[in-house]
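Structure first, then comments.
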Amino acid sequence: MPPWWCFGLTDVYEKISELAKRRGFFWPSYEIYGGVAGFYDYGPYGVLLKNRIVEKWRDFFVRRHQDYVVEIESPIIAPGIVFEASGHAEHFTDPVVSCLKCGRKFRADHLVEEALGISVEGLSLEELGRIIRDNNVKCPLDGGELGDVRVFNLLFRTQIGPYEGDIGYIRPELAQGMFVAFKRVLESMRSRLPIGVAQVGRVGRNEISPRQAMVRLREFTIMEMEYFIDPEDLSGNCPFFDEMAGKRLRVQSYTMKVKGEEPQWLTLEEAVESKVIVDKCLGYWMAIGQEFVESLGVPAEQMFFMEKGPHERAHYSAQTFDQVVKVSRWGLIEVAGHSYRGAYDMSRHMAYSKADLTVFKPYKEPVLVKERKVIVDKGVVGRLFRDKAGEVLEALQAASPEDIESYLASGSPTIKVGGFEVPRGAVKIVEVEEKAWGKKVLPNVVEPSFGVDRVVYVTFEYAYREREGRVILAFPRDIAPVQAAVFPLVENDENLIAEARSLYKTLVREGFQVIYDDTGSIGRRYARADEIGVPAAFTIDYQTLEDKTVTMRDRDTWRQVRLPANNVVEALRKFLKGEPLDSLGTPFK
RNA sequence: GCGGCGGUCGUCUAGCCUGGACUAGGACGCCGGCCUGCCAAGCCGGAGGUCCCGGGUUCAAAUCCCGGCCGCCGCACCA
């Protein structure tokens with residue numbers, strides 16, 4: 001007979017959502033008001049799990065690379081200009097029309113351009129709508145009537161302060177926070193490249209129709225790093241590359257995808273050498289990304305890196321890989337995006353903010369640079385042009401030394417520049433020799449970006465086990481939301497209870513997350529603990545009262561050892577780091 | 001946003017087609033008590049339900065009709 005919780009549940013996904021709700025991991029938000037699609041709550045154990053996963057990500061991406069990678073935190077709301085600079089405002093306001101017959105949505109501008117062969121750049125929604133009506137543009141698939149042209153915007157919009165003109169947006173990604181703060185971070189970290197700037201935080205995307213539970217949300221958490229590198233020193237940018245060079249990755253390039261080929265196993269080194277991955281750093285962080293997800297209990301064979309094609313990539317990206325994991329319900333889901341963003345964002349923010357976001361790169365030896373300079377006799381220009389003198393000087397500075405030199409060479413009495421005629425005697429060209437100590441470069445950016453909620457979901461699904469009609473969440477020990485359970489063998493013996501409470505308190509004081517439970521039979525309590533994935537259970541029995549030893553049970557094997565109560569703290573610490581149960585005590589039963 | 005299917009204690013469900021005896025039943029879980037010397041044992045007692053929401057039809061609606069919300073699947077969308 002199947003266990004009770006199997007009745008009516010058709011697949012793993014349903015069992016998982018039922019378990020997640022029942023035991024307090026996660027569930028849809030605002031349930032008592034009927035729910036709102038695209039929002040999820042984390043419950044007590046869900047928060048613990050999520051926090052441990054985030055902490056592990058920090059360990060892999062930040063702590064282990066602390067001489068190069070730092071973490072910051074920036075606001076969720078940004079003024080409009082930030083997303084104008086980033087290109088998001090533009091890309092998020094596509095004009096869209098729906099077919100009234102089949103309901104399919106189309107980019108209104110693309111449709112008109114295709115159907116009528118005219119450019120519609122810069123036209124308003126009303127104008128686009130009129131063109132569609134006047135020219136009788138129909139649905140390209142079934143010829144159906146088209147509705148009104150509407151703006152389609154995935155940015156959550158709000159206003160900052162009381163004035164309607166001050167538009168703010170909820171960030172749809174974390175990256176802009178790092179770009180905008182780059183100058184400060186760089187300065188506080190001694191102005192050297194490479195530097196990684198990481199962040200964990202909430203973002204919002206106003207999805208059209210979110211579905212797939214926690215896999216597609218309107219508000220979610222991202223763990224992301226922008227790794228800023230010197231565009232001219234590609235080999236020196238990844239000082240830790242060699243440590244991972246032999247790491248085997250499963251990669252499917254876009255050409256392979258188009259041909260329908262399976263992803264192939266490559267070492268990191270091979271992938272970079274063969275240019276399947278265009279950049280060393282991009283590849284390095286992909287390898288770290290794979291190790292990270294493996295450490296959450298997802299086998300390497302169940303994931304791969306899928307390159308996105310030119311038209312599938314975001315507007316900022318030169319190469320992007322989706323790190324995808326196989327799940328029961330939806331096939332492959334993207335847990336991370338690994339993008340080579342080049343200097344796109346940095347140059348945009350430089351243009352919009354007028355701030356200098358370049359990094360000064362010192363040479364090993366100063367270099368002698370010969371340069372031709374335009375020298376202007378400002379006294380002559382000033383007397384001649386009076387109040388226009390400023391404009392004239394500006395125009396002369398803007399002109400290239402070569403242009404001016406050609407005027408001088410032509411023998412012309414004046415130099416025409418910016419609508420002015422400057423006498424040749426006021427200008428001369430000199431060649432100067434200067435020592436250059438370095439140069440300014442605009443950093444390129446490599447970005448590994450993880451969706452926390454998807455990672456949590458994947459971790460949860462891969463931890464799900466059934467054994468003898470019972471459910472076990474076999475989380476890797478170091479991310480288990482609750483680390484240990486303490487039980488008295490029976491629930492009606494005060495001596496056992498006192499001993500158990502005392503051990504429980506010791507573990508809590510030592511910083512562990514522990515549950516104490518003295519209701520029901522011991523078997524029922526083990527089962528309850530297994531169901532929330534507690535890796536170790538300590539039981540106080542009658543022998544404890546005689547010799548101060550306790551039993552320690554392993555969630556995954558259900559085997560037990562006996563060890564002195566004094567050693568429990570140390571044993572638990574070792575166990576959570578991965579030491580086998582047998583090394584921690586003597587076999588029991 | 002379009003189409004299909006669905007929504008009943010914490011969870012999984014029975015009931016819906018064929019409206020009335022449904023004061024919405026069960027199982028598991030939960031709480032209290034008894035029992036229990038290691039894997040969801042047993043006994044006794046208890047709490048727990050806006051039958052997704054709103055409107056309509058009817059003497060009478062969990063049940064029929066309409067609209068909405070939410071979920072799943074397919075299409076579209078996912079910079």
Side-chain angles (χ1 to χ4, degrees), chain A residues 2-11 13-15 17-24 27-39 83 86-94 96-107 139 141-142 144 147 150 152-155 172-173 205-213 215-218 308 311-317 320 329-330 334 337 467-472 487-493 496 519-531 537-545 550-551 553 555 558-560 562 588-589:
Chain A
W4 65 268
W5 39 258
C6 270
F7 297 136
L9 294 176
T10 58
D11 67 3
Y13 168 74
E14 288 188 27
K15 291 177 188 178
S17 1
E18 183 271 324
L19 178 63
K21 274 194 266 189
R22 189 163 49 80
R23 298 311 308 265
W27 55 77
S29 302
Y30 309 114
E31 280 183 306
I32 67 165
Y33 287 108
V36 183
F39 298 92
F83 293 113
S86 72
H88 285 86
E90 191 186 332
H91 283 82
F92 269 59
T93 52
D94 294 338
V96 174
V97 275
S98 314
C99 169
L100 298 176
K101 193 164 150 195
C102 65
R104 272 179 264 258
K105 275 184 186 293
F106 305 95
R107 281 281 294 266
C139 171
L141 295 178
D142 62 6
R150 281 185 296 189
F152 192 67
N153 197 339
L154 261 68
L155 285 173
E173 60 167 19
R205 302 180 186 185
N206 204 357
E207 299 278 357
I208 313 165
S209 71
R211 227 186 261 171
Q212 302 179 311
V215 171
R216 229 170 112 199
L217 297 171
R218 288 189 164 123
K308 289 201 161 188
H311 301 294
E312 302 166 323
R313 287 197 295 259
H315 59 273
Y316 49 69
S317 171
T320 298
R329 183 68 157 241
W330 301 297
E334 177 195 346
R467 179 173 178 182
E468 296 175 25
R470 288 167 34 171
V471 172
I472 298 138
F487 306 135
L489 183 61
V490 295
E491 58 180 316
N492 65 353
D493 186 310
L496 295 185
T519 62
S521 71
I522 187 71
R524 180 197 229 68
R525 285 178 267 151
Y526 286 143
R528 271 203 285 253
D530 287 346
E531 212 177 46
F538 298 95
T539 299
I540 276 60
D541 57 15
Y542 292 100
Q543 196 178 326
T544 310
L545 303 178
V550 302
T551 67
R553 170 189 181 269
R555 171 198 68 199
W558 296 359
R559 285 191 297 118
Q560 286 174 286
R562 184 169 280 280
F588 173 72
K589 285 211 161 176

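Here is how names work: the chains are called A, B, and so on, in the same order as the sequence lines, proteins then strands, and each is numbered from 1. Just the heavy atoms: all of them, side chains too, but no hydrogens, waters or symmetry mates, feed the values below.
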Find the distance [X]:[atom1] to [N]:[atom2] and express it as a whole number of Å.
X	N	atom1	atom2	result
A/Leu489	B/C39	CG	P	9 Å
A/Glu18	B/G71	CD	P	19 Å
A/Arg553	B/C39	CZ	C1'	6 Å
A/Leu19	B/G29	CG	P	15 Å
A/Asn206	B/C77	CG	C1'	13 Å
A/Arg525	B/U36	CZ	P	14 Å
A/Glu14	B/C73	CD	C1'	11 Å
A/Asn492	B/C43	CG	P	18 Å

Go ahead and name the base partner of [N]; Watson-Crick or wobble counts if both distances stay under 3.5 Å, otherwise write none.
N	result
B/C12	B/G26
B/A47	none
B/G37	none
B/C72	B/G4
B/C59	B/G20

Considering only side-chain heavy atoms of [X], which listed nucleotide, [options], is closest?
X	options	result
A/Tyr526	B/U11, B/C39, B/C70	B/C39
A/Trp558	B/C73, B/C39, B/A41	B/C39
A/Thr551	B/C73, B/C38, B/G71	B/C38
A/Glu491	B/C73, B/A79, B/C34	B/C34
A/Ser521	B/A41, B/C30, B/G37	B/A41
A/Arg216	B/C39, B/C78, B/A79	B/C78
A/Gln560	B/A41, B/C70, B/C39	B/C39
A/Glu531	B/A40, B/C38, B/A79	B/A40
A/Asp541	B/C35, B/U11, B/C38	B/C38

Expressed in whole Å, how much space separates the [atom1] atoms belonging to [N] and [M]?
N	M	atom1	result
B/A62	B/U50	C1'	12 Å
B/G3	B/C17	C1'	23 Å
B/G42	B/G49	C1'	29 Å
B/A79	B/G4	C1'	30 Å
B/G25	B/A14	P	16 Å
B/G29	B/U11	P	16 Å
B/A24	B/G15	C1'	8 Å
B/G55	B/A47	P	31 Å

Exercise for review: Name the residue closer to the 5' end of RNA chain B, choosing between A/Ile540 and A/Thr519 according to the nucleotide with the nearest heavy atom.
Suggested key: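 Final value for this comparison: A/Thr519.
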Exercise for review: Between A/Val36 and A/Ile32, name the one whose nearest nucleotide on RNA chain B is closer to the 5' end.
Suggested key: A/Ile32
Counting only side-chain nitrogens and oxygens, does [X] get under 4.0 Å of the OP1 or OP2 atom of [N]?
X	N	answer
A/Arg524	B/A41	yes
A/Arg559	B/C38	no
A/Arg218	B/C77	no

Point to revise | Exam field: side chain A/Arg23 to backbone A/Glu531, donor-acceptor pair closer than 3.5 Å | key: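 Such a contact is absent between A/Arg23 side chain and A/Glu531 backbone.
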Review point. So, A/Glu173 and A/Arg205, do they make that salt bridge, N to O below 4.0 Å?
Key: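 Here A/Glu173 does not pair with A/Arg205 in a salt bridge, since their nearest N and O are not under 4.0 Å apart.
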Review point. Is the shortest distance from a Lys or Arg side-chain nitrogen in A/Arg525 or A/Asp530 to a carboxylate oxygen in the other one below 4.0 Å?
Key: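 No salt bridge links A/Arg525 with A/Asp530.
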Practice item. Classify the nucleic acid contact of A/Trp27 as base, sugar-phosphate or nothing, counting any heavy atom under 4.0 Å across all strands shown. Key: nothing
Exercise for review: Check every strand shown and say whether A/Glu468 touches a base, only sugar-phosphate, or nothing at a heavy-atom separation below 4.0 Å.
Suggested key: nothing
Check your understanding: At what distance, to the nearest 0.5 angstrom, does CG of A/Leu19 lie from CD of A/Glu14?
Key -> 13.5 Å
Check your understanding: Going by distance alone, is a donor N or O of one side chain under 3.5 Å from an acceptor N or O of the other, for A/Arg562 and A/Thr544?
Key ->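 No, no side-chain donor-acceptor contact under 3.5 Å.
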Exercise for review: Using distance alone, with no hydrogens and no angle criterion, decide if A/Thr519 and A/Glu491 have a side-chain donor and acceptor under 3.5 Å apart.
Suggested key: no
Practice item. Answer whether the closest heavy-atom distance between the side chains of A/Val215 and A/Trp330 falls below 4.5 Å. Key: yes
Review point. Think A/Arg467 forms a cation-pi with A/Trp558, using NZ or CZ under 6.0 Å from the six-ring centre and within 45 degrees of its axis?
Key: yes
